Asker: 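Take this structure, written in structure tokens, and hold onto it; I'll ask about it next.
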Amino acid sequence: MQDEYAEFEWLKRGGALLIAALKFIGQCHMLRKGSKVAYKILIIEDDPSIRRELKILLENAMYQAAALEGFQDITAQAAAEKPDLILLDVNLPDCCGFDICVEIRERMEVPIIFLTSRTDSMDELNGMLKGGDDYITKPYQASILLARIAAVLKRTKGAVIKETTLFMRNQVELDVSRCSLSHMGRSVELTKNEMKIMHQLFEHPGEYVSRAELVEYLWENQIFIDDNTLSVHVARIREKLRTIGVEDFIETKRGIGYRI
């Protein structure tokens with residue numbers, strides 16, 4: 001009974017953060033469009049029990065998880081694993097995680113989160129100066145760790161996606177950087193809300209995106225609208241498309257959603 005109560009208390013304190021982290025993990029799969037492979041996280045930790053605990057946690061959170069068992073030539077092993085993110089301990093056998101971070105940085109571009117029992121503020125500063133993307137102390141909370149991993153992935157891997165700012169569908173071009181739609185040399189500006197809606201539709205060409213998904217996507221981007229407001233935005237987008245000579249670009253299927 002005490003164990004059940006403790007678990008309930010943990011869920012009350014950390015459950016919301018865990019849900020937020022898992023929600024972003026789902027978005028990670030969207031960022032890797034066209035790939036069924038989840039993000040891969042490499043664990044560099046010499047304590048077998050912590051290593052095993054981390055691997056289970058990450059796999060349950062739908063990541064690929066790999067862990068080094070030996071600590072000779074760590075940088076070469078890390079490069080061979082080709083991870084999307086590394087969890088790196090500082091106190092490793094016969095070497096220092098700070099030095100390993102520098103070596104990895106010289107060889108590959110990959111976000112690194114220090115996960116260590118060192119709690120001194122100077123160690124944290126040193127870790128960041130050596131190239132770490134975040135610094136988390138043990139004992140860690142699972143929900144906090146997952147949320148911090150999600151934030152680093154969003155900041156680092158999300159930046160690659162942001163480079164693609166032009167989308168084309170049926171001779172209609174969406175320029176995300178300029179918040180505009182263009183067709184045959186004519187263009188029209190979009191509001192921020194309208195651009196977010198069109199961006200989501202252009203990300204899924206030929207597929208229906210439900211109204212609920214659009215509303216949820218907008219809320220995740222701090223745009224708080226309801227179902228009726230979404231209808232108004234779509235109607236305005238259609239009117240703007242008409243001004244540049246585009247008719248019936250956004251299809252509606254009752255009870256399903258919108259597609260382009």
Side-chain angles (χ1 to χ4, degrees), residues 21-22 24-118 120-138 140 142 144-165:
L22 290 174
F24 173 72
I25 292 163
Q27 295 173 339
C28 288
H29 294 286
M30 292 170 61
L31 293 177
R32 281 194 162 195
K33 193 172 182 181
S35 172
K36 295 182 179 179
V37 180
Y39 280 117
K40 182 177 183 178
I41 298 178
L42 178 63
I43 303 161
I44 304 178
E45 163 65 58
D46 65 320
D47 186 316
S49 61
I50 296 177
R51 191 164 62 229
R52 184 168 54 253
E53 178 185 280
L54 286 169
K55 196 168 187 295
I56 292 171
L57 173 66
L58 294 171
E59 288 174 346
N60 287 342
M62 300 184 296
Y63 288 112
Q64 286 189 88
L68 297 190
E69 302 289 339
F71 301 94
Q72 299 296 321
D73 203 358
I74 292 175
T75 303
Q77 290 190 71
E81 290 288 347
K82 297 180 180 178
D84 294 294
L85 184 143
I86 294 175
L87 291 178
L88 178 60
D89 191 11
V90 175
N91 298 319
L92 295 169
D94 303 320
C95 59
C96 175
F98 295 143
D99 296 332
I100 296 299
C101 180
V102 173
E103 292 177 13
I104 292 173
R105 280 275 174 263
E106 291 175 349
R107 186 160 179 171
M108 58 194 295
E109 286 292 332
V110 59
I112 297 173
I113 297 178
F114 286 106
L115 185 60
T116 176
S117 58
R118 292 196 186 184
D120 189 272
S121 60
M122 290 305 297
D123 284 324
E124 182 174 355
L125 176 60
N126 192 25
M128 305 307 284
L129 292 175
K130 294 290 186 180
D133 292 273
D134 205 344
Y135 191 99
I136 301 172
T137 57
K138 303 171 187 173
Y140 59 85
I144 298 295
L145 176 60
L146 288 176
R148 300 275 280 272
I149 288 172
V152 170
L153 281 173
K154 186 174 184 179
R155 186 171 68 246
T156 56
K157 299 300 178 180
V160 176
I161 302 302
K162 290 175 184 175
E163 292 176 2
T164 304
T165 59

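Just so it is clear, the structure is predicted and the values come from calculations on it, not from any experiment. The analysis underlying the following values was restricted to heavy atoms, covering all of them including side chains, and did not include hydrogens, waters or symmetry mates. For reference, positions follow the sequence shown, starting with 1.
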Asker: For a quick test of reading the model, state the closest non-hydrogen atom pair linking A79 to M108 and the distance between them.
Answerer: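 Taking every non-hydrogen atom into account, CA-SD, 3.7 Å.
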Asker: Looking at T137, I149, V90, I136, which hits side-chain contact (heavy atoms from CB on, under 4.5 Å) with L115?
Answerer: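 Going through the options one by one, the only one that passes is I136.
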Asker: Using modelled atom types and a 3.5 Å cut-off, is there a donor and acceptor pairing between side-chain atoms of D89 and backbone atoms of I44?
Answerer: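 Not at all, since once roles are kept as given, no pair shorter than 3.5 Å links the two residues.
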Asker: Given D99, which of C96, C101, C95 fulfils the side-chain contact (heavy atoms from CB on, under 4.5 Å) condition?
Answerer: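 Checked C96, C101, C95 against D99; only one passes side-chain contact (heavy atoms from CB on, under 4.5 Å): C96.
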Asker: To check you understand the geometry: which heavy-atom pair defines the closest contact between L146 and A61, and what is its length?
Answerer: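 Here L146 and A61 meet closest at CD2-CB, 3.9 Å.
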Asker: Which heavy atom in D46 sits nearest to a heavy atom in P93, and how many Å separate them?
Answerer: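 Reported closest heavy-atom pair: CB-CD, 3.6 Å.
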Asker: Is R107 salt-bridged to E103, cutoff N-O under 4.0 Å?
Answerer: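 A salt bridge is absent here (no side-chain N lies under 4.0 Å from a carboxylate O).
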Asker: Going from CG on L145 to CG on D134, what distance comes out if it is rounded to the nearest 0.5 angstrom?
Answerer: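 Here the interatomic distance stands at 9.5 Å.
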Asker: Taking all heavy atoms of A65 and all of L58, pick out the closest pair and write down the distance.
Answerer: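 For A65 versus L58, the nearest heavy atoms are CB-CB, 4.0 Å.
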Asker: Show your reasoning for whether side-chain contact (heavy atoms from CB on, under 4.5 Å) applies to R105 and V102.
Answerer: CA-CA 5 Å; R105 280 275 174 263; V102 173; 5.7 Å; no
Asker: Working to the nearest 0.5 angstrom, can you tell me the gap between F71 CZ and I100 CD1?
Answerer: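 The CD1 atom of I100 is 10.5 Å from CZ of F71, to the nearest 0.5 Å.
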Asker: Nearest heavy-atom pair of R51 and L68: which atoms, and what distance?
Answerer: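 Closest heavy-atom pair between R51 and L68: CD-O, 3.5 Å.
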Asker: Would F114 and N126 count as a side-chain contact (heavy atoms from CB on, under 4.5 Å) here? Give the steps.
Answerer: CA-CA 11 Å; F114 286 106; N126 192 25; over 6 Å; no
Asker: Looking at K154 and D133, does any basic side-chain N land under 4.0 Å from a carboxylate oxygen?
Answerer: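 D133 and K154: not salt-bridged.
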Asker: Is the side chain of K40 donor-acceptor paired with the backbone N or O of E81 at a distance under 3.5 Å, no angle test?
Answerer: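 Between the backbone of E81 and the side chain of K40 there is a qualifying donor-acceptor contact (under 3.5 Å).
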Asker: If we ignore hydrogens and angles and just use 3.5 Å, is the side chain of R118 paired with the main-chain N or O of D123 as donor and acceptor?
Answerer: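 Between the backbone of D123 and the side chain of R118 there is no qualifying donor-acceptor contact (under 3.5 Å).
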Asker: Got a second to check how far I86's CD1 is from I43's CD1, nearest 0.5 Å?
Answerer: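 One gets 11.5 Å once the value is rounded to the nearest 0.5 Å.
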Asker: To the closest 0.5 Å, what do you measure between CD1 (I41) and NZ (K55)?
Answerer: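 If I round to the nearest 0.5 Å, the distance is 12.0 Å.
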Asker: Could you check whether the rings of Y135 and F98 sit parallel, tilted or perpendicular, using 30° and 60° as the cut-offs?
Answerer: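 Parallel.
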Asker: Out of curiosity, R148 CZ to L87 CG, how far, rounded to the nearest 0.5 Å?
Answerer: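 With rounding to 0.5 Å, CZ (R148) is 11.5 Å from CG (L87).
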Asker: If you compare all heavy atoms of K138 against all heavy atoms of S117, which two are closest, and at what distance to 0.1 Å?
Answerer: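 Reported closest heavy-atom pair: CD-N, 3.9 Å.
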Asker: Are any side-chain N or O atoms of R155 and backbone N or O atoms of A150, one a donor and one an acceptor, separated by less than 3.5 Å?
Answerer: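 Checked: no pair found.
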